[in-house]
Amino acid sequence: MAPNPPASAPAPKAARLPAAGRDRRPLMMALAIVLILAGAIGSALIAFSAGSRADVLVAAGDIRPGQTITEADFTTARVGTDAAGIIPASSLENFVGSQAVSLIPQGTVVNQDMFVSGSAMPADGEVVGLVLTPTQRPSDPLASGDVVRLYQGAGAEAGGSSGQVLVEAARVVSVGDAGGNLSVSVLVGSDQATTVVPLAAAGQVAATKLAQGTQPGVDLQAG
């Protein structure tokens with residue numbers, strides 16, 4: 001019996017080459033480009049924002065209605081110029097001598113509508129001067145821009161028609177010292193002035209202070 005042929009040796013397995021790693025360089029380059037572009041856009045926006053800011057006028061303190069404006073009433077701040085009507089700091093001289101038409105709180109970025117050049121007097125209004133004794137005025141100090149009610153009378157002790165209301169609400173235009181008394185100018189209607197003036201000359205007008213925000217019948221106006 002013929003011998004069996006020798007078993008053939010198993011064929012060697014082909015060596016597997018290691019898989020090449022995915023090349024991440026294009027992805028990293030793309031990310032770097034995005035970051036560079038984002039930075040450039042951000043820088044451009046910052047530059048644009050800085051370019052749209054300017055020094056503007058700001059109320060240095062509370063400005064009362066009817067107050068005549070001086071340089072000391074303003075300070076400056078650097079703000080965005082998007083708001084309409086704001087006043088560049090370079091225009092300060094144009095507003096010196098103008099008058100405020102409403103209360104402007106300290107720190108307000110002012111605009112052109114808050115002032116009028118020349119007189120803010122309405123056509124149907126007149127300014128009347130009063131000299132008020134301590135008994136004819138409130139203990140709470142009066143200031144330009146306040147609103148007062150005017151009564152006929154020499155004060156708390158006045159008799160007769162004392163206490164009759166002459167003007168329901170009048171805007172205080174200015175206040176000054178009068179040797180222990182108080183000199184007060186108020187804006188009243190022209191029809192009211194004919195009654196108030198002779199009584200004021202006789203020292204027969206007293207005043208009380210009304211709540212802030214009270215609107216007088218005749219008021220300062222914008223031009």
Asks: For the backbone of Gln106 and the side chain of Asp62, can you confirm whether one donor and one acceptor N or O come within less than 3.5 Å of each other?
Replies: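 Present.
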Asks: With Tyr151, which residues qualify under ring pair (Phe, Tyr, Trp, His ring centres under 6.0 Å), at least two apart?
Replies: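 By the ring pair (Phe, Tyr, Trp, His ring centres under 6.0 Å) rule, Tyr151 matches no residue at all.
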Asks: Supply the atom-to-atom distance Ser183 OG to Leu142 CG, rounded to the nearest 0.5 angstrom.
Replies: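 Separation between the atoms: 11.5 Å.
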Asks: State which residues pass salt bridge (charged side-chain N to carboxylate O under 4.0 Å, His left out) with Asp177; sequence neighbours excluded, sorted by chain then number.
Replies: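 Asp177 satisfies salt bridge (charged side-chain N to carboxylate O under 4.0 Å, His left out) with no residue once adjacent residues are dropped.
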Asks: Atom CD in Glu93, atom CD in Glu71: separation rounded to 0.5 Å?
Replies: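 Reported value, rounded in 0.5 Å steps: 4.5 Å.
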Asks: Examine Val147 and Val128 and state if one hydrophobic cluster contains both, with Ile, Leu, Val, Met, Phe, Trp and Tyr joined whenever side-chain heavy atoms are less than 4.5 Å apart.
Replies: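 Val147 and Val128: separate clusters.
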Asks: State the CG-CG distance between Leu150 and Leu132, to the nearest 0.5 angstrom.
Replies: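 Between Leu150 CG and Leu132 CG, I get 8.5 Å after rounding to 0.5 Å.
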Asks: Please answer: with hydrophobic residues joined when any side-chain heavy atoms are less than 4.5 Å apart, are Val131 and Val175 in the same cluster?
Replies: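 Different clusters: Val131 never reaches Val175 through Ile, Leu, Val, Met, Phe, Trp or Tyr contacts under 4.5 Å.
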Asks: Return the set of residues passing salt bridge (charged side-chain N to carboxylate O under 4.0 Å, His left out) with Arg149 (not counting sequence neighbours), or none when no residue passes.
Replies: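 Arg149 satisfies salt bridge (charged side-chain N to carboxylate O under 4.0 Å, His left out) with Glu168 once adjacent residues are dropped.
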Asks: For residues Gly203 and Gln136, report the shortest heavy-atom separation together with the two atoms involved.
Replies: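 Taking every non-hydrogen atom into account, O-NE2, 2.8 Å.
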Asks: To the closest 0.5 Å, what do you measure between CG (Asp219) and CZ (Arg171)?
Replies: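 Separation between the atoms: 4.0 Å.
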Asks: Identify the two heavy atoms, one from Asp146 and one from Ala143, that lie closest to each other, and give their separation to 0.1 Å.
Replies: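 Heavy atoms only, the tightest pair is OD2-N, 2.7 Å.
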Asks: With a 4.5 Å heavy-atom cut-off, do Pro88 and Val56 have their side chains touching?
Replies: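 The answer is no, as the side chains (C-beta and beyond) never meet within the 4.5 Å cut-off.
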Asks: Establish whether Leu92 and Phe95 are linked, either directly or via other cluster members, by ILVMFWY side-chain heavy-atom contacts under 4.5 Å.
Replies: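 Yes; Phe95 is reachable from Leu92 via cluster members.
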Asks: Taking a hydrophobic cluster as the set of Ile, Leu, Val, Met, Phe, Trp and Tyr residues connected by side-chain heavy atoms closer than 4.5 Å, whether directly or through intermediates, do Val186 and Leu210 fall within one such cluster?
Replies: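 In one cluster with Val186: Leu210, no.
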Asks: Could you measure the distance from the OG1 atom of Thr208 to the CG atom of Asp140? Nearest 0.5 Å is fine.
Replies: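 Those atoms lie 11.5 Å apart.
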Asks: Restricting to non-hydrogen atoms, name the atom on Thr76 and the atom on Ala89 that form the minimum distance, rounded to 0.1 Å.
Replies: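 Reported closest heavy-atom pair: CG2-CB, 3.7 Å.
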Asks: Looking at every non-hydrogen atom in both residues, tell me the closest pair between Gly180 and Arg137 and how far apart they are.
Replies: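 Shortest heavy-atom contact: O-NH2, 3.6 Å.
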Asks: With rounding to the nearest 0.5 angstrom, report the CG to CD1 distance, Leu57 to Ile87.
Replies: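 If I round to the nearest 0.5 Å, the distance is 5.5 Å.
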Asks: Minimum heavy-atom separation for Ala59 to Ile104, with atom names?
Replies: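 Looking at all heavy atoms of both residues, the shortest contact is CB-CG2, 4.0 Å.
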Asks: Restricting to non-hydrogen atoms, name the atom on Thr70 and the atom on Asp73 that form the minimum distance, rounded to 0.1 Å.
Replies: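 For Thr70 versus Asp73, the nearest heavy atoms are N-OD2, 2.8 Å.
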Asks: Given side chains that start at C-beta, do those of Ser174 and Val127 come closer than 4.5 Å, heavy atoms only?
Replies: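 Not touching, per the 4.5 Å side-chain cut-off.
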Asks: Is there side-chain contact between Ile69 and Phe74, with heavy atoms separated by less than 4.5 Å?
Replies: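 Yes, at least one pair of side-chain atoms sits under 4.5 Å.
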Asks: What I'd like to find out is whether the side chain of Pro134 reaches to under 4.5 Å of the side chain of Asn181, using heavy atoms alone.
Replies: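 Pro134 vs Asn181: side chains touch.
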